[in-house]
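Counting starts at 1 for both ligands and their atoms, in listed order. Note that this is a predicted model, so its numbers are computed, not measured.
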Amino acid sequence: MSKKYAIGVDYGTESGRAVLVDLSDGTEVADHVTPYPHNVIDEKLPISGIKLEYDWALQHPQDYLEVLTRSVPAVVQASGVDPADIIGLGIDFTACTMLPVDAQGQPLCFNPELTNNPHSWVKLWKHHAAQDEANLINEIAERRGEDFLPRYGGKISSEWMIAKVWQILNEAPDIYEQTDRFLEATDWVVSQMTGTAEIVRNSCTAGYKAIWHKKKGYPSDEFFKALDPRLENVTQTKLRGEVVALGTKAGELTESMAALMGLQPGIAIAVGNVDAHAAVPGVGVVTPGKLVMAMGTSICHMLLGTEEREVEGMCGVVEDGIIPGYLGYEAGQSAVGDIFAWYVEQGVPAYVQAAAEQEGTNVHEWLERHASAYKPGETGLLALDWWNGNRSVLVDTELNGLILGYSLLTKPEEVYRSLLEATAYGTRKIVDAFHNNGVEVQELYACGGLPQKNRLLMQIYADVTNREIKVADSKQTPALGAAMFGAVAAGAAKGGYDNIVDAAQKMARVRKDTFKPIPENVAVYERLYQEYSKLHDYFGRGENDVMKRLRAIREEARH
Ligand SMILES: Nc1ncnc2c1ncn2[C@@H]1O[C@H](COP(=O)(O)OP(=O)(O)O)[C@@H](O)[C@H]1O
Ligand SMILES: O=C(CO)[C@@H](O)[C@@H](O)COP(=O)(O)O
């Protein structure tokens, strides 16, 4: 049999990328990135210019299709591989990134009559405007003693499906009414490749983002009725659709999409997946004890376990949610690279930009180099990493960032370093929450853009967590994982694999170089982390709700 290949397509926050992978050893033969033409829509709607409210984050579904029709042909062409040897394709996506579609599977925002309503668009994972609904979901679920709450660390997030659906019902009942189904974007894109008659939902987003359980299904109609009588039957109506396991073949590539993507019709398309979850086999992790960090604009922390444990603020524990046969645990930080980007774009003085430009480097790299000259603790700064709220362990999108310890001598590189450190403390909170509750964390695996971009950041993470960090050898780990699932959907008989464990064992690699904790740094960071923890609890656990009061005053001032 000639060499066989699969394609993985990774849908990130700002761009989508396709990777063509050799199935014999995981070699990434070609990759191509398509930035989303409309990027993140968080100020005004395209065309109409309608202004969006604070905390909104939308996307344009057409951008996702553009990734398929630009990046997929590009990798096929660049690789020189015969399309007949490409046997499968898998995708992974940010999540919960959801959209309302009509009975034909068309996004409601494509309908000229509905396009001016912001609720007809894709709500991106970091759309945080459904917090009121999330608060009520939690209050009502707690009051009713719903058994699903512990599976989600005690709180359902405003980033997830039910809160977003309820926000649409509350603020745009006409859009809700005209919605045939609410879909995860990952399932929608898969349906566009396989033909909309066959819309299937993947067990990963259903489990982590829509409160679905392998044995119990969705929460009861009574629960939804208690939220709002209009939601009573939502799981049989607008959330209907078969939920199938990761690695399942969702269908086959249609003639029309094959022509647009430069592939052969009929190849296996795997059910959708989530970026962070696909990264786990992508980095070769198929057993417990190894926490995988997908590090980019945000961080998702993924871990396998053998028993269901309660862990404060985790995003969820889902049976078979990452690797079949294990409980998959997820936690996360909703801004990491985004915080550094904010500082580079909004906080850096002109002399730094000029110096970086003169030295032919970018501002991040300039700041990293200068920040590396400091020892842990030497800046005198301490920050809370809540620029986009706190996902784990507090699960509160209404918290904000904080930097303590400024003086007239504070330098930009010191601020930058304090922000890197703050995100490491945030990760340490998550590691401790798992480890101290019986879900062991022995070592860390890192993938995503950040480990490739910033060595200082990675050393700080090793020192703050006092654990060795292995880094994925792949530049596109989620896409590699997605390609593995594409190969599993195709099956061993076609030159793919029969299960994800076999695929990961053959195709994943980590770099030889690892980041090891440096004992003297560990000791200083331990003291700083204790200080971080005090601030974390003081501002995050209700002792001083000043951040929330400031938000309320801001809202009053805006209206
Ligand atoms: N040298 C750097 N050091 C730290 N962060 C960086 C650096 N360069 C870019 N970033 C941040 O990396 C993030 C993008 O990460 P990446 O993994 O490429 O994207 P995504 O999360 O969308 O998949 C941005 O938030 C950006 O601010
Ligand atoms: O929340 C999840 C996964 O559960 C992510 O999709 C979300 O944080 C976005 O990740 P990126 O930072 O774009 O890689």
Pair E378 + R417, salt bridge at N-O below 4.0 Å: no
Starting from atom 17 (O) of ligand 1, locate the nearest protein heavy atom and write down its residue, its atom name and how far away it is, to 0.1 Å. G449 N, 2.9 Å
What are the atoms of ligand 2, with element, lying closer than 4.0 Å to any heavy atom of T94? 6 (O), 9 (C), 13 (O)
Taking only non-hydrogen atoms of L457, do any sit less than 4.0 angstrom from ligand 1? no
So the atoms of ligand 1 within less than 4.0 Å of a heavy atom of Y416 turn out to be 3 (N), 4 (C)
Considering only protein heavy atoms, which is closest to atom 8 (O) of ligand 2, and at what distance to one decimal place? S298 OG, 2.8 Å
Starting from atom 22 (O) of ligand 1, locate the nearest protein heavy atom and write down its residue, its atom name and how far away it is, to 0.1 Å. T13 N, 3.6 Å
E159-H127 side chain donor-acceptor pair, cut-off 3.5 Å: no
If you scan protein heavy atoms around atom 11 (C) of ligand 1, the nearest is L450 CD2, 3.8 Å
For Y329 together with F434, are the ring centres under 6.0 Å from each other? yes
More than 12 foreign heavy atoms under 6.0 Å from CD of E357: is that the case here? no
Would A294 count as a contact of ligand 2 if the rule is a heavy atom under 4.0 Å away? no
Output yes when R509 and E28 qualify as a salt bridge under the 4.0 Å nitrogen-oxygen rule, no when they do not. no
Where ligand 2 meets C300 - atom numbers and elements under 4.0 angstrom, heavy-atom basis: 1 (O), 2 (C), 3 (C), 5 (C), 8 (O)
Measure from the side-chain N and O atoms of S71 to the backbone N and O of H32, and report whether any donor-acceptor pair falls under 3.5 Å. yes
Heavy-atom neighbours of R455 CZ exceed 12 at 6.0 Å: no
Heavy atoms only: which of G337, S298, G16, G296 lies closest to atom 26 (C) of ligand 1? G337
Note: ligand 1 atoms sitting under 4.0 Å from heavy atoms of A341 are 27 (O)
Is the shortest distance from a Lys or Arg side-chain nitrogen in E308 or R151 to a carboxylate oxygen in the other one below 4.0 Å? no
Taking all atoms of both residues into account, what is the closest heavy-atom pair of S203 and V243, and its distance? CA-CG1, 3.5 Å
Nearest non-hydrogen protein atom to atom 1 (O) of ligand 2, with distance, is A95 O, 2.9 Å
Can you check whether N454 has an N/O within less than 3.5 Å of an N/O in ligand 1? yes
Name the closest protein heavy atom to atom 16 (P) of ligand 1, giving the residue it belongs to and the distance to 0.1 Å. K453 NZ, 3.8 Å
Pull out every atom of ligand 1 sitting under 4.0 Å from any heavy atom of R17, numbered as shown with elements. 23 (O)
Would you mind listing which atoms of ligand 2 come within a distance below 4.0 Å of any non-hydrogen atom of T13? 11 (P), 13 (O)
Are D320 and K214 within salt-bridge range, i.e. N to O under 4.0 Å? yes
For K209, state whether at least one heavy atom is located under 4.0 Å from any atom of ligand 2. yes
Selection from D275, V274, T297 by shortest heavy-atom distance to atom 5 (C) of ligand 2: D275
Report the part of E330 (side chain from C-beta onward, or backbone N, CA, C, O) that has a heavy atom under 4.0 Å from ligand 2; answer both or neither where that applies. side chain
Tell me: protein heavy atom nearest atom 1 (N) of ligand 1, and distance? H364 CB, 3.2 Å
Tell me: protein heavy atom nearest atom 7 (C) of ligand 2, and distance? W125 CD2, 3.6 Å
Is a side-chain donor or acceptor of S191 paired with a backbone partner of W188 at a separation under 3.5 angstrom? yes
Establish, yes or no, whether a centroid distance under 6.0 Å links the rings of Y152 and Y208. no
Using a strict 4.0 Å threshold on nitrogen-to-oxygen distance, state whether R17 and D10 make a salt bridge. yes
Over all heavy atoms of both residues, which pair between A341 and H364 is shortest? Give the atoms and the distance, please. N-CE1, 4.0 Å
Against heavy atoms of M295, which atoms of ligand 1 measure under 4.0 Å? 17 (O)
Quick note on ligand 1: atoms under 4.0 Å from a heavy atom of F340 include exactly 4 (C), 5 (N)
Got the closest protein heavy atom to atom 21 (O) of ligand 1, with its distance? T297 N, 2.7 Å
Consider side-chain contact (heavy atoms from CB on, under 4.5 Å). Of T410, L404, L381, which one does S418 pass it with? L381
Can G332 be said to touch ligand 2, with heavy atoms closer than 4.0 Å? no
May I ask whether R391 places a heavy atom under 4.0 Å from ligand 2? yes
So for ligand 1, is E14 a polar contact partner (N or O within less than 3.5 Å, distance only)? no
Carefully, step by step, assess E184 and N202 under the rule side chain to side chain donor-acceptor pair (under 3.5 Å). CA-CA 9 Å; E184 278 282 347; N202 74 89; over 6 Å; no
